[in-house]
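As the structure is a prediction and not an experimental result, all values here were calculated from the model.
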Amino acid sequence: MCGIAGLINLDRSPVSPVILQRMTDAIAHRGPDGEGHWIEDCVGLGHRRLAIIDTSPAGHQPMISSSHRYVLAYNGEVYNYRELRAELEAAGYWFRSRTDSEVVLNALAHWGTDALLRFNGMLSLALWDRREQTLLLARDRFGIKPLYYAQQGSLFAFGSEQKAILAQPAFERRLDKAALLEYFTFQNIFTDRTLLQDIHLLPAGHYATLDLKASRPGVRLTRYWDYRFREPDRKRDHEEYLEELDRLFRQAVNRQLVSDVELGAYLSGGMDSGSITALASQSIPNLKTFTCGFDLSSASGIELSFDERAKAEAMSARFKTEHYEMVLKAGDMERCLPTLAWHLEEPRVGQSYPNYYAAKLASKFVKVVLSGSGGDELFGGYPWRYYRAANCQGFEDYIDHYYLYWQRLVSNSELKRMFAPIWADVGNVWTRDIFRDVFATHDNSLERPEDYINHSLYFEAKTFLHGLFVVEDKLSMAHGLENRVPFMDTDLVDFAMQCPVGLKLNNLAEVLRINENEPGNKQGQYFQKTNDGKQLLREMMGRYIPASVTQAEKQGFSSPDASWFKGESIDFVRRVLFDSNARIFEVLDRTGVRSLVGEHLRGEENRRLLIWSLLNLEIWMQETL
């Protein structure tokens, strides 16, 4: 796990070693174990190393192929690298190291971009072909590892983080107002935009090519993989699905234990991290585990259940792990926000500062940590979301229903009021079209209720889960920590996408019988906390963890900020968002913003996500623009 950066001067002027050094210095936190640079005329590649597999100098990057044709800068882990290495050795390739990096380099040399479909893992990479004068940028199929690129005039630059590109003194920083509107609609960015014009996030499952010999060199994107959730043509016996899931889950966890440095695991009170810990602890005695809890002395309502330390401690005792905890209190968000915003680079999904502190805790003891991300999105962990669209009448009706549900921050009418100062610039941006375009390359024939559920699973994997991966990468690498996600093993994902909806959701048939337009209907019960989702996964995990965990209601990792923002943190919120000189009021309406924030402070509405987003945006604008 590392950080990569690079630039190409399209006017053929030589690359400055000083500027390339600045680019890798900007992401030094991603790779504290070493750095490397390679420059040839107008092309430069840089690398920061976090040594995980073969920590010797043989893993130094950028790495040059034995033919001297290809130069690789690579970030990630390919868990099936040993199998690929054996295949490449049989084809005549020889290796100087035990790294997966060298396997990736030779695989690309041998199979070209077809190699991307052979990799089981997470990665972003840059490969320069010295003979053909072409650059290949690629990102893993799920988007676990980010990769940004930008072109302004004759400058083309890329990096694991935007700050590598911003280290270019010639890069002009301008707010992308359309991306800002997109974010405040979904609390996420579904397109490849960022909040900075001209900087793009390479989409998951894509590679990009740039041909320096072209008359007007520019990036060309190619999609090489996409999710495909669907009902199987032939359903198998329930027991067969259960046994296959068990086999694949064990295989996925064991694959991701490969490491030449110490490895640990996050451990909440939930079944995903608990099951991963159960299996990992069978191979690693005294496995180190980590939990963040919350001081709930001033919390109320549903937030009183947010602290899961007791459940995590019980699991730790069961699996005999070496367990560490951190308790977050009101004020911890305020203390870390400037540093957090710098690492996060732009706000994405959720209130992510608990993840920052969890990574900080884990990094004090290990260099690699296992995470439970992905289990919910693959196996139907949010039934209250999917059921809202289960009774739709065709694709456009589905888009209308689900689009309204995923307006996570403010409604369209409130958006227009909030964006009044720049509405002339963004009024032609139709966020419903952005939402619909998520399905642009998808088969949108919807014939059965299960098709609508699978559409929702596809949407959330492409958007919500992807946003989580971007956040988790930034906040783990902020502490030089590699975050691995066993649920995203390619074989396990392939199984999950073909697993029948009826094995994921328990109450679909009952929901379909309810007319949601009928007064007094019962459907609301499915829009609350429930243990309805992930049925097959729950059954399989019952082999490893207690029933009290597998049958518990779904609960995310969230802090009690709704209470804190109108309690202990109210002065901080007012100080930042009610400051007449706040930068956000260069683009947002002061009266509209204060009105919405005031609703939360007075206890009239829960606007915690909006307040978090505004605080992040203010810090980001101060630091970046």
Side-chain angles (χ1 to χ4, degrees), residues 148-153 155-157 162-163 165-166 168 170-203 218-219 221 341 344-349 399-400 403-404 406-438 440 463 466-467 470 576-597 607 609-625:
Y148 297 89
Y149 67 92
Q151 183 172 344
Q152 278 188 354
L155 167 68
F156 180 86
Q162 297 176 43
K163 53 181 65 71
I165 298 171
L166 297 180
Q168 292 281 340
F171 187 83
E172 185 178 353
R173 306 182 185 199
R174 299 187 300 265
L175 175 68
D176 189 322
K177 298 172 184 176
L180 187 66
L181 179 71
E182 186 178 345
Y183 173 77
F184 273 96
T185 302
F186 306 118
Q187 207 202 17
N188 200 357
I189 301 177
F190 294 170
T191 63
D192 66 346
R193 293 177 181 269
T194 69
L195 291 187
L196 285 172
Q197 282 187 36
D198 301 321
I199 296 185
H200 298 273
L201 177 59
L202 182 65
V219 169
L221 294 180
L344 197 57
E345 299 192 300
E346 61 186 9
R348 288 269 172 171
V349 298
I399 293 296
D400 285 337
Y403 166 70
L404 290 175
W406 276 93
Q407 287 186 287
R408 291 169 62 83
L409 293 183
V410 291
S411 66
N412 277 345
S413 59
E414 291 168 329
L415 270 178
K416 188 171 183 179
R417 179 185 177 192
M418 217 170 80
F419 276 73
I422 58 170
W423 192 251
D425 300 316
V426 298
N428 62 342
V429 177
W430 295 94
T431 51
R432 182 190 182 277
D433 290 345
I434 291 173
F435 188 97
R436 191 185 192 281
D437 284 347
V438 172
T463 60
H466 175 253
V470 172
V576 175
L577 300 183
F578 285 25
D579 183 350
S580 58
N581 296 316
R583 294 288 306 277
I584 56 173
F585 298 132
E586 296 172 15
V587 290
L588 302 179
D589 179 71
R590 181 180 285 103
T591 302
V593 167
R594 290 177 176 175
S595 175
L596 293 171
V597 173
R607 300 281 188 184
L609 293 179
L610 176 62
I611 292 174
W612 164 258
S613 298
L614 290 167
L615 291 170
N616 267 259
L617 179 62
E618 174 61 24
I619 300 299
W620 178 85
M621 292 185 72
Q622 291 177 14
E623 297 288 335
T624 308
L625 296 179

Exercise for the section: Check step by step if side-chain contact (heavy atoms from CB on, under 4.5 Å) holds for N188 and F190. Expected result: CA-CA 6 Å; N188 200 357; F190 294 170; 3.8 Å; yes
Practice task
Just do the side-chain contact (heavy atoms from CB on, under 4.5 Å) check on L175 and Q197 with the steps written out, would you?
Solution key: CA-CA 6 Å; L175 175 68; Q197 282 187 36; over 6 Å; no
Hey, what do you get for [atom1] ([X]) to [atom2] ([Y]), rounding to the nearest 0.5 Å?
{"X": "R348", "Y": "L201", "atom1": "CZ", "atom2": "CG", "answer": "5.5 Å"}
{"X": "I199", "Y": "D176", "atom1": "CD1", "atom2": "CG", "answer": "10.5 Å"}
{"X": "S411", "Y": "M418", "atom1": "OG", "atom2": "CE", "answer": "10.0 Å"}
{"X": "I584", "Y": "L180", "atom1": "CD1", "atom2": "CG", "answer": "10.0 Å"}
{"X": "L577", "Y": "L596", "atom1": "CG", "atom2": "CG", "answer": "11.0 Å"}
{"X": "R436", "Y": "I399", "atom1": "CZ", "atom2": "CD1", "answer": "6.5 Å"}

[X] (side chain) donor-acceptor with [Y] (main chain) under 3.5 angstrom:
{"X": "Q151", "Y": "F156", "answer": "no"}
{"X": "E182", "Y": "T191", "answer": "yes"}
{"X": "W620", "Y": "P347", "answer": "no"}
{"X": "R174", "Y": "L196", "answer": "no"}
{"X": "D579", "Y": "N581", "answer": "yes"}

With side chains defined as the heavy atoms from C-beta onward, is the minimum distance between [X] and [Y] less than 4.5 Å?
{"X": "V429", "Y": "I434", "answer": "yes"}
{"X": "F419", "Y": "K177", "answer": "no"}
{"X": "T463", "Y": "F435", "answer": "no"}
{"X": "D425", "Y": "W423", "answer": "no"}
{"X": "Y403", "Y": "T431", "answer": "yes"}
{"X": "T185", "Y": "L409", "answer": "no"}
{"X": "T624", "Y": "Q162", "answer": "no"}
{"X": "D192", "Y": "L202", "answer": "no"}

Could you pull out the closest heavy-atom pair between [X] and [Y], with the gap in Å?
{"X": "A170", "Y": "Q152", "value": "O-OE1, 4.0 Å"}
{"X": "R432", "Y": "D400", "value": "NE-OD1, 2.8 Å"}
{"X": "L195", "Y": "E346", "value": "N-OE1, 2.8 Å"}
{"X": "P421", "Y": "L588", "value": "CG-C, 3.7 Å"}
{"X": "L166", "Y": "R173", "value": "O-NH2, 3.4 Å"}
{"X": "L625", "Y": "R583", "value": "O-NH1, 3.5 Å"}

Practice task
Could you go through the salt bridge (charged side-chain N to carboxylate O under 4.0 Å, His left out) check for E414 and K416 one step at a time?
Solution key: CA-CA 5 Å; E414 291 168 329; K416 188 171 183 179; over 6 Å; no
Problem - Residues T194, Y148; criterion side chain to side chain donor-acceptor pair (under 3.5 Å); working and verdict - result: CA-CA 9 Å; T194 69; Y148 297 89; over 6 Å; no
Practice task
Determine, stepwise, if the pair F184 / L614 fulfils side-chain contact (heavy atoms from CB on, under 4.5 Å).
Solution key: CA-CA 9 Å; F184 273 96; L614 290 167; 3.8 Å; yes
Practice task
Using the ring of F578 (Phe, Tyr or Trp, six-membered ring only), decide whether R594 places NZ or CZ under 6.0 Å from its centre and within 45 degrees of its axis.
Solution key: yes
Exercise for the section: Examine R408 relative to F186 and say whether NZ or CZ is less than 6.0 Å from the centre of the six-membered ring and inside a 45° cone about the ring axis. Expected result: no
